[in-house]
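The structure under discussion appears below in the form of C-alpha cells.
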Amino acid sequence: MIWLFLPVLIALSALAFFGGREIASRRAGASAIKAHSRPSQHGYYALIWVGVPALVVLLAAAIFSGPIEQSVMQAGAPDSIAQLEPFRRDAFFNDARLVSAGQQPHQIWPQALAEQLTQEARRYGDLSRLLSLGCIVGALVAATLGGLFVYTRISPTLRARNRVEGWIGGVLFTCSVVAVLTTLGIVFSLLWDSLRFFQSVPIAEFLFGTQWSPQIAIRADQVGSTGAFGAVPLFAGTFLIMLIAMLVAAPIGLFSAIYLSEYASRTSRAVFKPILEILAGVPTVVYGFFAALTVGPAFREAFNGLGALMVGGPLDGLGQYLMLVQNQMALVAGAVMGIMLIPFVSSLSDDIINAVPQSLRDGSYAMGATKSETVKRVLLPAALPGIAGALLLAMSRAIGETMIVTMAAGLAANLTLNPLDTVTTVTVQIVTLLTGDQEFDSPKTLAAFGLGLTLFLVTLLLNIVAQRIVQKYREQYD
Amino acid sequence: MSVAPVKARTDRLQAGLKARYARERRFKLYGVMAIAVAVGFLLLLLGRIIEQGHTAFYAHELTIPVYMDPARIDRTYPQGTNFQLLVAEQQLARFGITDDAQGTQATAMRTLLSSELKFRAAAMIRENPALIGQTVPVTAPVSDEADLYYKGEITAETPSDQRRVSDQQMAWLDQLKSDGAVQAKFNSALFQNGDSTEPEQAGVLGAVVGSALMLLVTALIAIPIGVGAAVYLEEFSPRNRLTDLIEVNINNLAAVPSIVYGLLGVALFINWMNLPRSSPLVGGLVLALMALPTIIIATRSSLKAVPPSIREAALAMGASKTQTVFQHVLPLAMPGVMTGTIISMAHALGETAPLLLIGMVSFVPGIPGGLTEPTGALPSLVYIWENASERAFHERTAAAILVLLAFMIVMNAAAILLRRRFERRW
C-alpha cells in the first residue's frame, strides 16, 4: 500500500527538479548578481529537499508500522484474547492479519475465537489502512514543507552546488553505515532471541550438556515433554566434519597453490586457475545434492564391501560394523566440503605465496637449491603465518557451511569422533528447528538463535584472528 | 693425495643430487596430483549431474483415442469427470481384458496415466461441447513411473520394492509403445509449469520467476548502497576511528556464514517488521544484506585501480571533489564495478541456506505474481526436490541444477566479457 506511493514520490521529485531549475534561472535572470550555482544545481537542491524528507517518512513507516500495528492490536484486544497464552495469542494475531489480507487462517479456532477473529481482522484492516493513510499524508506534508523551504531559499547567491555536494556526502556516508547497522542487526536479533532462550534453558546446560533432543511436547503430560538442549554433540559433530574437510582441503589446496604459483607455465596457469574458480562458484546446494546421491551411496557400498571381506577374519567385529555403515556419515559431508574449500584455500595461499618477494627465491636458487627445496625451506616458512590465516578462514567457512551438511550429514545428535557415524552440526540443527510449520516463539525455535549466536561468535573470532594475521604478514613485505 | 677425497665428495654429492632431483620430481608430482584431484572432481560433479539430469529434458507422451462417453461426462462440469478411469477402461477393452468387480485392472491402468490427461480432456470439452459422444485422440504425458520405465531407469530386473510398476503394467506399456501411441518429446512442462506434487507436471518456471524477483530486489538495494558505501570509503572518508571501524566491519561481514543472515531475516524482517514469509521481498532483502560486503569490496578495488592522475587532472581543471568522483573516477571504474556486482549477484542466486530459514522450503504451486506472495527459488527447489520421495524427482532435481548452473554460467560469462571488453590497464 505504502509502496504504491513511490511513483508519486518520484513524480514529485522530478517536478521539484524542473521547477527548481526554472525558478533559479528566472531569479538569476532578474537579478544583477552573477549566480553562484548553475540552474540545474538548484534543481538538484530542490529535488533533495522534496524527495529526501518524504523518503525518510516512508522508510520509517515501512520499518516501524509492523511493530506499531502489533502493539496497538494487543493493547486493544478483548479480554478473551489477552488472556490466551503468549504463543497462542501471537498465532491469533497472525491469523487475523492473514484474514484481513483475504487469505485463509493457518489454524482452526474454536467458535468463540473464530468470531473474534473476523472482528479482529476487521479492526486490523482499519488500523493498517489508517496507518498507511497517515504515512502517505505525512510524506506529502514532508515533501510540501521541503518544497516551500527550497522555494524561499533559491536565489543567485545560494551556494546550491556546495549544499548538494554536502548532501551527497551525507548519503554516501549513510550507505557505508548500513554495513555497521547490519552487524548491529545481526548481534541484536541473535542476542535478543538467545536471551529469551536462555531464560528457559540455563546457559551452562546449553554449552556443556551432552543431550540434544529439542522436541518439546505441546501437552505437558506427553512422553518426553521436556526437551534437552545440550549442544555439545552438535559442537562435536561440527568440529569433526570441519576437521575432515580441512584434512582434504589443506593439502590439496596448498599443493595446487604451490604448483600454480611456482611450477605451472603461463598457459597451464591460465587454464587451471579458472577451473578452480568454477569449483568455487558452484552453489553449495549442488555439492549437497552430489554428496547425498553420489558420494554417500558410493562410500557406503565401498565400506560395506570392505566389511564383507573382513567378516569371518581376524577383524570380524570391524567387518560387521562396516557392513552396517549408512549413506549419511560425517566422512561424506566432510570430504565433499573439503573439495568445496580447495579453491578457497588455494586462491588465498596463491596470493600469499606470490607476495613473497622474488629476491628470496633468487637468493635460494643462487645457493644451488632446487625448486622444491626453495618452496619448502624459504617460501613456506616466509608465508607460514599468512597460510595459517588462510586455513583459519577456511575453517570458519567449514563451520558455517550449511547445505552440504544438511543434505548429507544427518540429524542424529551422536557424541562421537567416528567419521563413519552419522553426526549433526550446528547449522543443520538451525535449519531443522526453523523450517516446517511452527510458532516462532517456542523454546524450540529460540534454540536456533542460541545456536546462531554461538556460530556467529566462533566464526567472528576465527575471522578476526585470521585477518589480523594475514594483514600483519602482508605489511611485512610491502 | 687429494684426488681420492675430492672424488669421494663428488660421488657423495652426485648420489645426493640424484635423491634431491627425485624429491624435486615427487614434490612437483604432488602439485600435479592436487590439481588433478580438483579438476577430476569438477568433471565428476558436472558429469554426474548431466548424466542424472539429461533424461528429464524429454518425457513420453501418450496419444490415445477417447470416446467421450455422454453417460460419464457432465456437460456443465467436465472437469468433474474421472477421465483417467474412463480412458483406462476403454484401453482395457481395446486390449481385450475383462476387469474384475473391484476394477483392479482399471486402477492399475489408470495409474499409468497422468492427471494432466484429465485437464486436457476437460479443456477440450469446455472448448467444444459437441465432442461429447465422439471419439477423439487426446495427447497427454504418461505418469512419472511409466516415463521412467520408457527411459529404461526401471526395468523388469529392478527389485519390486524399488518400483511401483508391476510386470503386467510393463507389458501394457510395451504394447502401447509398439502400437505407436507413445512418443518421446521435449519436456516442455519442465519449463512452463510451477512446482507440483506430480513429478510429470512439476516445472522450474515458478522457481525461476521467484529467483528473478528476488535478484531484482537484491540488485535494487545492494548495488546503490554498496557502490555508495565504497565510493565514500575510498574517495571521501577521512581516516579516523569511525571509518576504520566500518572497514573492519565490512571485512568481517563478508565472512559471516550465510545462515546467520537467514536468522537475521527471520528476526528482523519476518518477526519484527511482519513482512510476509517466503516472499521474494524478504528473500531479496536478506540476499542484499549478504551481497553488500562483496559489492563494496569489489567496487573499492576497482576504484583503487583508477590512477590518481585522473583525479588530479580533474581537480586541476576546477572540478569539485564530488564532480571528480562522479564524472571521472566512477565512470572509469564502472567496468570493474559491474563485473564484481554481477559475480556477487550470481553468488546470491545460488545461495540456499538463508532462503530455507525464511520459509522457502514450503511447497508453492504455480507461478508467483508479486513481491509479497509466497514463492520458491531455484536453489531451494533443488533442496525440496532432492527430499521428495518420488524417484522421478531425482532426474528433475539434476535438471533444476542444470538450469541453475546455466543461469550462473550466463551471468559469469557476462561478467568476464565485460571485463575483457572494457578493462583498462593504466
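Given the structure is predicted, the values throughout are model-derived calculations rather than measurements. Scope of the values below: all heavy atoms of this structure, side chains included, with no hydrogens, waters or symmetry mates. Here is the naming used below: chain letters follow the sequence lines, and residue numbers restart at 1 for every chain.
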Quiz item: Does the B:Glu386 side chain pair with the main chain of A:Phe289, one donor and one acceptor, at a distance under 3.5 Å?
Solution: no
Practice problem: Measure B:Leu292 against the heavy atoms of chain A and call it side chain, backbone, both or neither at under 4.5 Å. | Solution: side chain
Quiz item: What is the ring orientation for A:Tyr287 with B:Phe41, classed by angle as parallel under 30°, tilted 30 to 60°, or perpendicular over 60°?
Solution: parallel
Quiz item: Do side-chain atoms of B:Glu24 reach the backbone of A:Lys371 as a donor and acceptor pair under 3.5 angstrom?
Solution: yes
Exercise. Counting only heavy atoms closer than 4.5 Å, note whether B:Ala230 contacts chain A via side chain, backbone, both or neither.
Key: neither
Practice problem: Find the one option among A:Ile278, A:Thr183, A:Ile342 whose heavy-atom pairs under 4.5 Å with chain B are most numerous. | Solution: A:Thr183
Exercise. Tell me, for B:Leu263 versus chain A, whether the close heavy atoms (under 4.5 Å) come from the side chain, the backbone, both or neither.
Key: both
Quiz prompt | Selection from A:Leu293, A:Thr402, A:Val285 maximising heavy-atom pairs under 4.5 Å formed with chain B | solution = A:Val285
Self-check item: Pick from B:Asn251, B:Val231, B:Val37 with the largest number of heavy-atom pairs that fall under 4.5 Å of chain A
Solution: B:Asn251
Exercise. Could you check which of B:Leu253, B:Val248, B:Ile250, B:Thr243 has the highest count of heavy-atom pairs closer than 4.5 Å to chain A?
Key: B:Leu253
Exercise. Using a cut-off of under 4.5 Å on heavy-atom pairs, state which of B:Gln323, B:Met360, B:Arg25 scores highest against chain A.
Key: B:Gln323
Quiz item: With chain B, which of A:Phe173, A:Phe64, A:Phe272, A:Phe188 has the greatest number of heavy-atom pairs at distances under 4.5 Å?
Solution: A:Phe173
Quiz item: Of the non-hydrogen atoms in A:Ser176 and B:Ile246, which two are nearest, and what is the gap between them?
Solution: O-CG2, 3.6 Å
Quiz item: Between B:Glu235 and chain A, which part of the residue has a heavy atom less than 4.5 Å away: side chain, backbone, both or neither?
Solution: neither
Quiz item: Strictly by modelled atom types, are A:Thr370 and B:Arg20 linked by a side-chain donor-acceptor pair under 3.5 Å?
Solution: no
Quiz item: Measuring heavy-atom distances to chain A, does B:Leu405 have an atom under 4.5 Å in its side chain, in its backbone, in both, or in neither?
Solution: side chain
Practice problem: Give, as side chain, backbone, both or neither, the part of B:Ile49 having an atom under 4.5 angstrom from any heavy atom of chain A. | Solution: side chain
Quiz item: Relative to chain B, which of A:Cys175, A:Ala264, A:Gly400 shows the most heavy atom pairs under 4.5 Å?
Solution: A:Cys175
Practice problem: Against chain B, work out which of A:Leu453, A:Ile464, A:Leu276, A:Thr284 has the most heavy-atom pairs shorter than 4.5 Å and name it. | Solution: A:Ile464
Quiz item: In terms of heavy-atom pairs under 4.5 Å, which option from A:Ser396, A:Pro67, A:Gly281, A:Ser189 contacts chain B the most?
Solution: A:Pro67
Quiz prompt | Portion of B:Leu404 that has a non-hydrogen atom of chain A nearer than 4.5 angstrom | solution = side chain
